Visitor: 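First the structure, then my questions, so here it is.
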Amino acid sequence: MTKANSNYDKLPQTYLFVEIAKRTAAYQAKNPKVKIMRLGIGNTTEPLGPIVTKGLVGGAKKLEDVNTYSGYGDEQGDNRLRSALAAWYQKLGVKLEPGEIFVSDGAKPDTANIESIFDKREVIAICDPVYPVYRDSNIIAGRKIVYLACTDKNEFFPELPKEKVGLVYLCSPNNPTGAVASRAQLKKFVDWANKNKAVIIFDAAYSFFVSDKKLPRSIYEIPGAKRCAIEISSFSKFAGFCGVRLGWTVVPHELGKLNALWNRRQTTMFNGASNIAQEGGLAALSPAGQKECLKTVSYYMENAKIIKNGLVRLGLVVFGGENAPYLWVKTPKGLDSWSFFDKLLSEAHVVGTPGAGFGKYGEGYFRLSAFGHRADIVAAVESIKKNLML
Ligand code: MLT
């Protein structure tokens, strides 16, 4: 019998958000009349604006005309889109060439696949709690993982790794804690990585939620980062493309061979993002498109404020929710996070994400997402206020 990859046996049985969906569905089946409010997975809910929609429709229309039809696109993604992304970085004071940018179908696959360009013996460091994709992809690859605790004592930003590691994954604004790294915090890691010849994988999927000008939106705002960091980002949360699928990864030329390796990996195992989605992305990056998308981002951030204010008034301890769409709530009365999941669902009919699902140090916390229709967010907060027995 052919052997399966036994590293899969080391993973939790189901992916976190699949588990939550399963438990929620089971509760709904038992309580069919209950209206469940979902603040669990960070899934966008608000419709696209006319500018981005026009881009997507225009992309589809091109396909019905023999003169504008296209099949496979440019190798690393549409040249126009990569130039538009380079121009976007330029506004942050970051100079990138289109050849350093790889368009993809989203940040999730890129954060999962990037490990493949590194030696399997490289030890990786990830935060705990962490977006499970970095952990699970490296478990599947059979790598040794070092966990960096992120707690309220270090403002949910890790200390430098104590042992020798080749790769560190950082995410800011952070999923799940909603903490946003300062320039000084990122500089510490960039300097460490350059000194130790390590690589930082920086997940910037939520960078568009940063409105505070003092906070960095790209790791390349930190001097020296192009020598040690790969940045992965996404149109999902910024442009509402969770279902459309579009993202990008920056592998600077200063990282030497890694740019060519990622190109090799992508051209072998990926055939490019949808040409329609890329037209939508181009529209989203136009000045008017950015304005349109940022309006929706502000809408979600207003949701975050409503949730935070409501819970704080109840006496709960809440982190995040500022410059980030996630709120990290300390579970009351020392409840473990899955018990709080059950309690919140059964008493207030609200779904969130148990912190333990993101790692050991997530225990005792609970993540709420600000992605949702305003009426549902308000109803969820009201229901928590009224029905949650604290
Ligand atoms: C989350 O809820 O953590 C995110 O929606 C997951 C993702 O973007 O893949």
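Computed over heavy atoms, backbone and side chain alike; hydrogens, waters and symmetry mates excluded. Note that this is a predicted model, so its numbers are computed, not measured. When a ligand or atom number is given, it counts from 1 through the structure's own listing order.
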Visitor: Check which hydrophobic residues are tied to Val57 through side-chain heavy-atom contacts below 4.5 Å, counting indirect links as well, and list them.
Guide: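 Its cluster partners, ordered by chain and number, are none at all.
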
Visitor: Name the residues in contact with ligand 1, where contact means a heavy atom under 4.0 Å away: which are they?
Guide: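 Under the 4.0 Å cut-off, ligand 1 touches Phe17, Ile41, Gly42, Lys108, Tyr131, Asn175, Tyr206, Lys237, Tyr326, Arg367.
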
Visitor: Going by atom types alone, do Asn113 and Ser116 pair a side-chain donor with an acceptor below 3.5 Å?
Guide: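 Side-chain D/A pair, Asn113 to Ser116: absent.
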
Visitor: Could I get the full list of side chain to side chain contact (heavy atoms under 4.5 Å, CB included) partners for Glu231, not counting sequence neighbours?
Guide: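 Only Tyr89, Phe202, Ala204, Ser218, Ile219, Tyr220, Val250 meet the side chain to side chain contact (heavy atoms under 4.5 Å, CB included) criterion with Glu231.
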
Visitor: Step by step, would you call Leu63 with Ser70 a side chain to side chain contact (heavy atoms under 4.5 Å, CB included)?
Guide: CA-CA 7 Å; Leu63 300 179; Ser70 61; 4.2 Å; yes

Visitor: Mind checking what makes side chain to side chain donor-acceptor pair (under 3.5 Å) contact with Arg313, not counting sequence neighbours?
Guide: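 Checked Arg313 against side chain to side chain donor-acceptor pair (under 3.5 Å); zero matches.
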
Visitor: Taking only Lys NZ, Arg NE, NH1 and NH2, and the carboxylate oxygens of Asp or Glu, determine whether Lys187 and Asp191 approach each other closer than 4.0 Å.
Guide: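 Salt bridge flag = yes for Asp191 with Lys187.
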
